[in-house]
Asker: 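The structure that follows is given in the form of structure tokens.
We count residues from 1, following the sequence as given. Just so you know, ligand 1 is whichever comes first in the structure, and atom 1 is the first atom listed for that ligand.
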Amino acid sequence: MRHLLDTRTLSRADAIRILDVAEDMADTQSREVKKLPTLRGKTVVNLFFEDSTRTRISFEAAAKRLSADVINFSAKGSSVSKGESLQDTAQTLQAMAADAVVIRHGASGAPHTLATSGWISAGVVNAGDGTHEHPTQALLDAFTMRRRLHGAASRGRDLDGVRVAIVGDVLHSRVARSNVWLLATLGAHVTLVAPPTLLPQDLSAWPVDVSYDLDETLAAGQDAVMMLRIQLERMNASFFPSEREYSRRWGLGRERFERLTGGTIVMHPGPMNRGLEISPAAADSGRSTVLEQVANGVSVRMAALYLLLSGERGTDQTMNEEGR
Ligand code: NCD
């Protein structure tokens with residue numbers, strides 16, 4: 001495995017391999033001493049051009065628990081044009097002999113550019129690029145679903161037949177995109193639920209069903225309901241009449257939440273807009289996996305960094321087709 005850039009080109013076998021290694025990592029995380037010597041001497045650079053709390057500290061915790069050295073590089077606010085600044089930064093990291101670069105960037109495709117430009121020899125992990133992809137988030141979501149639904153017998157398994165509703169601001173969401181591709185690869189059935197203004201115009205290539213009625217979709221029975229954050233910072237126009245109206249029709253308010261039956265779990269990648277897309281009643285309930293998702297994120301990122309950095313470098317193995 002050379003890079004982890006997207007889930008769209010991630011094979012089923014590679015996805016399950018990452019999830020299984022993450023199970024092994026999770027086992028070590030319940031020990032009193034959580035640190036493993038696996039990546040001693042390796043340097044991981046967290047290169048964040050966009051704000052982030054949980055993703056950055058999650059990668060930092062993951063790298064440190066594998067004994068790698070971590071350099072946090074927050075490049076937010078750089079005034080240099082995007083291409084130039086990325087190249088200059090990449091060449092600096094190359095000179096510092098980074099073994100892996102975890103990059104979050106506002107421009108879709110920036111991690112791919114970094115991985116294929118020849119500027120660096122490090123492995124590249126996409127930690128969110130524009131509205132394109134956020135592969136480790138989808139992997140930690142799949143890990144969380146697999147554990148909740150298959151329990152102790154989850155190793156080696158996919159999500160065949162699992163029903164997932166992804167609700168809300170799909171248009172601006174890289175989390176939704178990465179989830180759609182990965183869930184399809186793992187055999188799950190995905191329904192997108194959103195107002196038409198918050199869905200991409202052409203969904204013909206997406207392996208999903210689309211619904212404009214959240215109550216109907218929930219009544220049909222879902223194993224997981226993934227609420228997306230309304231990304232106000234990416235909106236330069238009005239995509240819905242009012243927050244009140246949005247929350248009434250598309251939010252998981254208390255009443256709607258209380259109508260859920262069976263073992264339906266409620267997911268959210270964070271940060272949550274409480275009271276807008278999700279109510280505290282839902283977010284803080286026993287159905288909610290919000291904090292499990294955060295905890296599982298560390299195990300999944302440990303697995304990704306391990307697979308990227310242990311041995312196999314130079315053999316041109318990659319998790320994504322681009323590098324092949
Ligand atoms: C997501 C992101 O940044 O894409 N958050 C995250 O990684 N924890 C989703 C979001 O910002 O809504």
Asker: What residue and heavy atom of the protein are closest to atom 11 (O) of ligand 1, and at what distance?
Answerer: Arg229 NH2, 3.0 Å
Asker: Would the number of heavy atoms belonging to other residues, nucleotides or ligands and lying under 6.0 Å from CD of Glu233 be above 12?
Answerer: yes
Asker: Relative to each other, are the rings of His172 and Phe239 parallel, tilted or perpendicular (30° and 60° limits)?
Answerer: perpendicular
Asker: I'd like to check which ligand 1 atoms, numbered from 1 as shown, lie under 4.0 Å from a non-hydrogen atom of Gln231.
Answerer: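 Here the atoms of ligand 1 in question are 10 (C), 12 (O).
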Asker: Using atom types as modelled and distance alone, determine if a side-chain donor or acceptor of Arg177 lies under 3.5 Å from a backbone N or O of Leu171.
Answerer: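 Yes; judged by distance alone, with no hydrogens or angles, the pair exists.
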Asker: How close does the nearest protein non-hydrogen atom get to atom 5 (N) of ligand 1, and which residue and atom is it?
Answerer: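 For atom 5 (N) of ligand 1, the nearest protein heavy atom is Gly270 O, 3.0 Å.
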Asker: Looking at His134, which atoms of ligand 1 are within less than 4.0 Å of one of its heavy atoms?
Answerer: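 Near His134, meaning under 4.0 Å from one of its heavy atoms, ligand 1 has 2 (C), 4 (O), 6 (C), 7 (O).
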Asker: Report the distance from atom CG of Asp169 to atom CG of Leu228, rounding to the nearest 0.5 Å.
Answerer: 7.0 Å
Asker: Does any N/O atom on Pro271 come nearer than 3.5 Å to any N/O atom on ligand 1?
Answerer: no
Asker: Mind checking whether Glu233 contacts ligand 1 via backbone (N, CA, C, O), side chain (CB onward), both or neither, at a 4.0 Å heavy-atom cut-off?
Answerer: neither
Asker: For ligand 1, is Glu50 a contact, meaning one of its heavy atoms is under 4.0 Å away?
Answerer: no
Asker: What atoms in ligand 1 come closer than 4.0 Å to a heavy atom of Thr55?
Answerer: 6 (C), 7 (O), 8 (N)
Asker: For ligand 1, which atoms sit closer than 4.0 Å to a heavy atom of Val175?
Answerer: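 Counting atoms of ligand 1 from 1, those under 4.0 Å from Val175 are 1 (C), 4 (O), 9 (C).
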Asker: Kindly confirm or rule out a cation-pi arrangement of Arg301 over Phe59, judged by NZ or CZ under 6.0 Å from the six-membered ring centre and within 45° of its axis?
Answerer: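 Relative to the ring axis of Phe59, which defines the angle, Arg301 lies inside both limits.
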Asker: Any non-hydrogen atom of Gly128 lying under 4.0 Å from ligand 1?
Answerer: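 Checking ligand 1 against Gly128, which is what was asked, there is no heavy-atom contact under 4.0 Å.
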Asker: If Ile, Leu, Val, Met, Phe, Trp and Tyr residues are connected whenever their side-chain heavy atoms lie under 4.5 Å apart, and connections chain through other members, are Val294 and Met267 in the same group?
Answerer: no
Asker: Under 4.0 Å from any heavy atom of Pro269, which atoms of ligand 1 are there?
Answerer: 8 (N)
Asker: Nearest heavy atom to atom 3 (O) of ligand 1 wins, so pick from Gln137, Arg174, Glu133.
Answerer: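 Shortest heavy-atom distance from atom 3 (O) of ligand 1: Arg174.
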Asker: Hey, mind stepping through His189 and Asp209 against side-chain hydrogen bond (donor to acceptor under 3.5 Å, both in side chains) and telling me if it holds?
Answerer: CA-CA 8 Å; His189 180 96; Asp209 282 342; 3.0 Å; yes
Asker: Ignoring hydrogens and geometry, is there a side-chain-to-backbone donor-acceptor pair from Glu133 to Asn126 under 3.5 Å?
Answerer: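 Such a contact is absent between Glu133 side chain and Asn126 backbone.
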